Amino acid sequence: MTKGYEQRKEANRRYLAKLDNIMIRTQVGGKDTIKAAADAVGQSVNAYILQAVEERMQREQANK
């Protein structure tokens, strides 16, 4: 492999080490529905889901 490839691979490893992963499962077709909704507002699926979760947590905190 090239030197640049190895450097990129190491940089990716360091970046991913700083993040948590969450896997979600949905019924068949759910992924397409979520992707379409995210696309409609100009967001990635990840950003769309994270925003939805954050908004719900804020609502629940306000209702305590």
Side-chain angles (χ1 to χ4, degrees):
M1 296 288 154
T2 65
K3 182 179 177 183
Y5 172 80
E6 292 301 327
Q7 289 173 334
R8 173 59 27 215
K9 190 173 168 182
E10 176 61 19
N12 286 345
R13 185 197 63 73
R14 286 192 314 269
Y15 172 73
L16 292 174
K18 298 176 187 178
L19 302 174
D20 286 331
N21 288 316
I22 300 173
M23 179 184 293
I24 64 168
R25 298 186 189 277
T26 182
Q27 297 293 324
V28 173
K31 178 182 171 184
D32 295 333
T33 303
I34 295 168
K35 178 154 179 28
D39 288 344
V41 294
Q43 290 182 309
S44 67
V45 170
N46 190 64
Y48 186 82
I49 291 170
L50 288 175
Q51 181 181 353
V53 169
E54 181 66 30
E55 288 175 2
R56 179 171 179 173
M57 290 186 329
Q58 288 174 359
R59 281 194 314 270
E60 289 174 354
Q61 190 66 25
N63 290 333
K64 284 188 176 184

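This structure is a prediction, so every number in the text was calculated from the model and none was measured. Heavy atoms only: backbone and side chains are in, while hydrogens, waters and symmetry mates are out.
Under the 4.0 Å criterion applied to side-chain N and carboxylate O atoms, Lys64 and Glu60 are not assigned as salt-bridge partners. By the 4.0 Å N-to-carboxylate-O rule, Glu6 lies too far from Lys3 to be salt-bridged with it.
Transitive grouping of hydrophobic side chains (ILVMFWY, heavy atoms separated by less than 4.5 Å) brings Ile34 and Val41 into a common cluster. Under the 4.5 Å side-chain heavy-atom criterion for grouping Ile, Leu, Val, Met, Phe, Trp and Tyr, Leu19 is not connected to Ile49 through any hydrophobic cluster. A continuous path of hydrophobic side-chain contacts links Val53 to Tyr48 [ILVMFWY only; heavy atoms under 4.5 Å].
Rounding to the nearest 0.5 angstrom, the gap separating the CD1 atom in Ile24 from the NZ atom in Lys31 is 10.5 Å. In this structure, OG1 in Thr33 is found 11.0 Å from CD in Gln27, a value given to the nearest 0.5 Å. Between Lys9 atom NZ and Gln7 atom CD the span is 13.0 Å, to the nearest 0.5 Å.
In this structure, Arg59 and Arg56 have side chains that are in contact, with non-hydrogen atoms separated by less than 4.5 Å.
Within a 6.0 Å sphere centred on CD of Glu10, heavy atoms belonging to other residues, nucleotides or ligands number more than 12. Counted within 6.0 Å of CG on Leu16, heavy atoms from surrounding residues, nucleotides or ligands total more than 12; the atom is thus considered enclosed.
Nearest heavy-atom pair across Ala38 and Ser44 is CB-O, 3.8 Å.
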